Amino acid sequence: MSNAPLPRVADLSFESLFLRYILAGCSAVILWDILSNLRSEFILLVRHRFRVATGVYIISRLSTIAFVVMATMYGTAPIQACSQYVLAVHILMAGSIGTTSLLFLIRVRAIYEASPRVTAFFALSWLAVLGCFIFTLQGLEAYPESNPSGTLVYCATGRISPYIALDFVMPLVHDTLVFLAISWRLATNTLYNNANRDSIIKQGVRAMVFGHYMPAFSRALLQDGQIYYLTTITTGLLAFVMLFITSAEVTWKTTFLVPNMMLMNIMACHVFRKTKLGIFTESGVSTINPPTLPIAFHVPTGASSPYIPR
């Protein structure tokens with residue numbers, strides 16, 4: 001083993017300090033989101049029948065919390081086993097994004113009433129997302145660095161493999177496909193009985209973009225999907241672009257990785273809770289009373305969903 005002295009924290013750039021603030025902020029945001037939604041999650045677990053989607057939701061929340069906290073510790077706490085620690089962080093990240101994407105697989109399956117073809121297509125898309133994270137487990141390398149006195153050892157990111165970009169690309173592709181599929185289904189259901197074929201394209205575009213001609217529930221589903229998609233695609237593209245800016249320091253390249261994954265989970269869980277609990281509003285008044293939306297995540301085989309007419 002080499003006896004060369006470790007790099008000193010005092011020599012770190014502003015970028016490294018900025019990353020530490022970003023990670024600490026992410027931990028604060030995810031904890032705030034959990035605390036602010038404790039009541040909704042209690043109702044979700046106690047007053048609603050426990051289904052597969054609920055289990056996926058719980059695992060998604062827990063794995064994301066663990067990922068964000070461990071990533072924060074990686075950037076701020078004294079750690080010596082840097083390579084093993086960064087591998088553990090990446091595994092938790094794979095669990096977080098895998099379960100988050102699975103929530104939307106369940107959602108699109110319910111919207112299409114458990115269609116075998118749709119389910120198979122999006123299941124393959126989800127497996128591609130999970131496979132990319134497994135493939136890139138060794139994409140990040142870390143090395144130790146010491147504090148000014150040399151008494152503590154911290155971890156810093158070293159080499160970043162180009163194929164780590166798959167961790168951003170595949171979730172974006174999956175989210176785009178899910179968003180378009182759900183928007184298309186809601187729009188076509190709304191315009192199914194429209195007799196004016198001359199304006200069907202124009203009305204279809206207005207329905208997909210603005211939710212025109214849709215019932216309040218369908219419009220709420222569409223708008224929640226739009227908010228999620230716009231948020232995650234913005235942070236995902238920003239993280240992807242930063243990764244390939246060759247002039248940027250290694251620290252800058254990974255700055256938006258944790259915020260991107262955290263926001264994806266927060267938004268996906270927000271959409272899940274609203275759908276499950278029936279928290280859809282129009283002009284400040286709930287449009288569903290009492291909430292009956294657990295069926296949105298469980299469509300019996302051969303049954304017709306009351307929310308998605310054939």
Side-chain angles (χ1 to χ4, degrees), residues 48-57 60 97-131 170-194 200-201 203-230 232-233 264 267-280 287-288 291-310:
H48 290 261
R49 183 177 177 182
F50 191 90
R51 299 188 185 278
V52 173
T54 307
V56 173
Y57 172 85
S60 176
I97 195 64
T99 49
T100 299
S101 299
L102 187 57
L103 285 176
F104 278 91
L105 169 61
I106 296 171
R107 181 182 177 89
V108 74
R109 181 177 181 271
I111 292 291
Y112 280 85
E113 303 176 66
S115 167
R117 292 182 179 180
V118 172
T119 301
F121 176 81
F122 284 98
L124 289 175
S125 176
W126 175 76
L127 288 174
V129 171
L130 194 60
M170 282 310 303
L172 286 177
V173 172
H174 178 78
D175 289 346
T176 300
L177 292 174
V178 169
F179 171 71
L180 292 176
I182 292 178
S183 299
W184 173 260
R185 179 69 166 180
L186 294 174
T188 53
N189 283 337
T190 300
L191 304 176
Y192 181 76
N193 296 317
N194 195 321
I200 193 69
I201 296 178
Q203 293 183 3
V205 171
R206 295 181 67 181
M208 288 187 65
V209 176
F210 302 106
H212 290 180
Y213 319 110
M214 289 185 181
F217 175 70
S218 296
R219 184 166 58 253
L221 283 177
L222 176 71
Q223 291 172 346
D224 267 354
Q226 289 173 332
I227 294 172
Y228 169 82
Y229 181 70
L230 290 176
T232 57
I233 197 173
M264 287 181 66
M267 294 302 299
C269 291
H270 170 74
V271 171
F272 178 87
R273 285 193 304 272
K274 287 188 66 176
T275 307
K276 189 78 173 179
L277 300 177
I279 311 173
F280 288 110
T287 60
I288 300 177
T292 56
L293 290 176
I295 195 170
F297 291 96
H298 181 74
V299 181
T301 304
S304 177
S305 168
Y307 305 113
I308 314 294
R310 292 186 182 275

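Keep in mind that what you see is a predicted model, and the values were worked out from it rather than measured.
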From CZ (Arg185) to CD1 (Ile111), nearest 0.5 Å: 8.5 Å

Heavy-atom side-chain contact between Ile97 and Met264 under 4.5 Å: yes

Exercise: identify the closest heavy-atom pair between Leu103 and Ala53: CD2-O, 3.9 Å

By ring-ring contact (aromatic ring centres under 6.0 Å, His included) - contacts of Tyr57 (at least two apart): Phe272

Heavy-atom closest pair, residues Leu105 and Phe122: CD1-CB, 3.4 Å

Spatial distance of atom CG (Leu172) from atom CG (Leu177) [nearest 0.5 Å]: 11.0 Å

From OG1 (Thr275) to CD1 (Ile106), nearest 0.5 Å: 12.0 Å

Aromatic contact, Tyr228 with Phe104 (centres under 6.0 Å): yes

Enumerate donor-acceptor pairs with a distance under 3.5 Å from any side-chain N or O in residues 123-130 to protein atoms, sequence neighbours excluded.
| from | atom 1 | to | atom 2 | distance (Å) |
| --- | --- | --- | --- | --- |
| Ser125 | OG | His174 | ND1 | 2.7 |
| Trp126 | NE1 | Gly98 | O | 2.6 |

Closest contact, heavy atoms only, Thr54 versus Arg49: OG1-O, 4.2 Å

Side-chain heavy-atom pair Ile227, His270 within 4.5 angstrom cut-off: no

Closest non-hydrogen atom pair between Ser60 and Thr99, with its separation: CA-OG1, 3.1 Å

For the student: nearest non-hydrogen atoms of Ile233 and Leu230, plus distance: CG2-O, 3.5 Å

Residues which pass side-chain contact (heavy atoms from CB on, under 4.5 Å) with Val52, listed by chain and number, not counting sequence neighbours: Val56

Taking every non-hydrogen atom, the tightest pair across Tyr112 and Ala181: OH-O, 2.7 Å

